[in-house]
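Ligands are counted one by one from 1 in listed order, and the atoms in each one are counted from 1 as well.
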Amino acid sequence: MTQPSFVIGIAGGTGAGKTAVAREVKDAVGEAVTRIPLDNYYRDLSHLPMDEREDVNYDHPSAFEWDLLADHVAALLRGESVEMPQYDFTAHNRKPERLTVEPSAVIVVEGILSLYESDLRDLFDLCVYVQTDADVRILRRIQRDVIDRGRELEGVMDQYLGTVKPMHEQFIEPTKKHADIIIPEGLNRSAVDLLIKKIHAEMREQEEALA
Ligand SMILES: Nc1ncnc2c1ncn2[C@@H]1O[C@H](COP(=O)(O)OP(=O)(O)O)[C@@H](O)[C@H]1O
Ligand SMILES: O=c1ccn([C@@H]2O[C@H](COP(=O)(O)O)[C@@H](O)[C@H]2O)c(=O)[nH]1
């Protein structure tokens with residue numbers, strides 16, 4: 001059985017506020033929203049030792065298992081549950097366990113390159129780009145990586161200049177052209193409220209279509 005779902009892709013640079021927007025949407029709309037972090041679809045790197053995993057370019061499109069993510073979104077739209085991988089940023093690797101995700105009325109796929117891959121984008125009803133200046137994003141990232149992800153400041157700076165910034169300019173920022181909505185700064189109250197209103201309107205339409 002197919003599940004009528006409203007699928008939203010939320011992209012934007014590291015630290016832009018994508019996760020904060022997606023969480024706010026889930027908190028406001030509730031159980032009907034399933035959040036699918038793109039980070040969970042980083043390729044399994046268990047075959048590499050930690051020192052090699054530390055050097056991987058995690059901001060290049062090749063770092064993600066796109067087919068698996070598109071298969072999972074398509075399965076949810078067919079009304080099937082999926083076993084979503086989980087990611088451990090401290091280990092730079094997938095966790096061994098998976099999380100069962102059930103079909104739902106609203107699916108939010110959120111991550112740096114959510115709007116990059118065309119097969120995935122074709123499954124989205126609404127494309128959102130969170131636009132935040134690079135200086136604000138790097139300050140947020142330093143705070144998060146050092147405090148939450150156990151990284152050294154020097155490593156965060158090297159990674160930012162070596163891969164994060166150039167990949168942002170080459171691959172992430174250009175996906176803004178696919179966006180239906182651009183949200184400034186992340187948790188922008190007016191923009192997020194409009195997004196929540198749009199989701200409620202789509203859910204009402206789904207209910208009316210089923211009645
Ligand atoms: N408009 C905002 N003003 C201030 N801080 C914000 C805003 N939006 C998001 N943040 C904060 O910025 C940090 C990074 O946001 P996050 O959603 O994790 O970014 P991303 O998922 O894009 O990497 C978080 O601490 C979040 O609470
Ligand atoms: O093992 C990893 C995997 C990813 N990263 C970095 O994470 C960000 C994406 O997450 P955001 O929440 O959107 O910031 C990406 O820029 C990668 O560089 C990592 O450091 N290690």
With heavy atoms and a 4.0 Å threshold, my read on which part of Asp39 contacts ligand 2 is side chain
Check your understanding: If we only count N/O pairs under 3.5 Å, is His92 in contact with ligand 2?
Key -> yes
Does at least one non-hydrogen atom of Met167 fall below 4.0 angstrom from an atom of ligand 2? no
| Linking I/L/V/M/F/W/Y whenever any side-chain heavy atoms sit under 4.5 Å apart, do Leu38 and Leu76 land together? | yes
* To do: Could you tell me whether a side-chain N or O of Arg140 sits under 3.5 Å from a main-chain N or O of Gly15, the two making a donor and an acceptor?
  => yes
inquiry  = Measuring from non-hydrogen atoms of His168 to any atom of ligand 2, is the shortest distance under 4.0 Å?
reply    = no
Next on the checklist: Arg140 versus ligand 1: do any nitrogen or oxygen atoms come within less than 3.5 Å of each other?
Outcome noted: yes
When distances are taken from atom 8 (N) of ligand 1, the protein heavy atom at minimum range is Leu187 N, 3.0 Å
When distances are taken from atom 16 (O) of ligand 2, the protein heavy atom at minimum range is Asp59 OD2, 2.5 Å
Of all protein heavy atoms, the one nearest atom 15 (O) of ligand 1 is Gly17 CA, 3.7 Å
Is the closest heavy-atom distance from Gly15 to ligand 1 below 4.0 Å? yes
A student checking ligand 1 against Arg144 at a 4.0 Å heavy-atom cut-off should list atoms 23 (O)
Going by distance only, is there an N or O of Val21 that falls short of 3.5 Å from an N or O of ligand 1?
no
**Prompt:** Should the ring pair Tyr87 and Tyr58 be called parallel, tilted or perpendicular, given that the plane angle runs from 0 to 90° and is split at 30 and 60?
**Reply:** perpendicular
Less than 6.0 Å separating the ring centroids of Tyr41 and His72? yes
Hey, does the side chain of Ser114 reach the backbone of Ile10 with a donor-acceptor pair shorter than 3.5 angstrom? yes
Under 4.0 Å from one or more heavy atoms of Glu185, ligand 1 contributes atoms 1 (N), 2 (C), 7 (C), 8 (N)
A student checking ligand 1 against Gly13 at a 4.0 Å heavy-atom cut-off should list atoms 22 (O)
Q.
Pairs of nitrogen or oxygen atoms closer than 3.5 Å, one from Thr19 and one from ligand 2: do any exist?
A. no
Which of Arg35, Arg23, Lys18 passes salt bridge (charged side-chain N to carboxylate O under 4.0 Å, His left out) with Glu110? It is Arg35
For Gly186, the atoms of ligand 1 under 4.0 Å from one of its heavy atoms are 8 (N)
Q | Protein contact for atom 24 (C) of ligand 1 (heavy atom, distance under 4.0 Å) | A | no
Relative to each other, are the rings of Tyr42 and Phe64 parallel, tilted or perpendicular (30° and 60° limits)?
-> parallel
Note: Lys18, heavy atoms under 4.0 Å from ligand 2, region reported as side chain
Logged contact type for Arg151 with ligand 2, heavy-atom cut-off 4.0 Å, is side chain
* Is the side chain of Asp133 donor-acceptor paired with the backbone N or O of Asp135 at a distance under 3.5 Å, no angle test? -> no
* Asked: Salt bridge between Glu202 and Lys198, side-chain N to carboxylate O under 4.0 Å?
  -> yes
for atom 8 (C) of ligand 2, nearest protein heavy atom and its distance come out as Arg141 NH1, 3.5 Å
Notebook entry, point to check: Any chance the side chains of Arg141 and Thr14 put a donor and an acceptor closer than 3.5 Å?
Noted result: yes
Original post:
Side chains of Glu31 and Ser104: is there a donor and an acceptor less than 3.5 Å apart?
Top reply: no
among protein heavy atoms, the one nearest atom 14 (O) of ligand 2 is Thr14 OG1, 2.6 Å
Ala20 heavy atoms within 4.0 Å reach ligand 1 at atoms 9 (C), 17 (O)
Residue, atom and distance of the protein heavy atom nearest atom 18 (O) of ligand 1 read Thr19 CB, 4.0 Å
Open item on the list: In the complex you have, is atom 20 (P) of ligand 1 within reach of the protein, judged by whether a heavy-atom distance drops under 4.0 Å?
Closed with: yes
Ion pair check, Glu117 and Arg121, cut-off under 4.0 Å: no
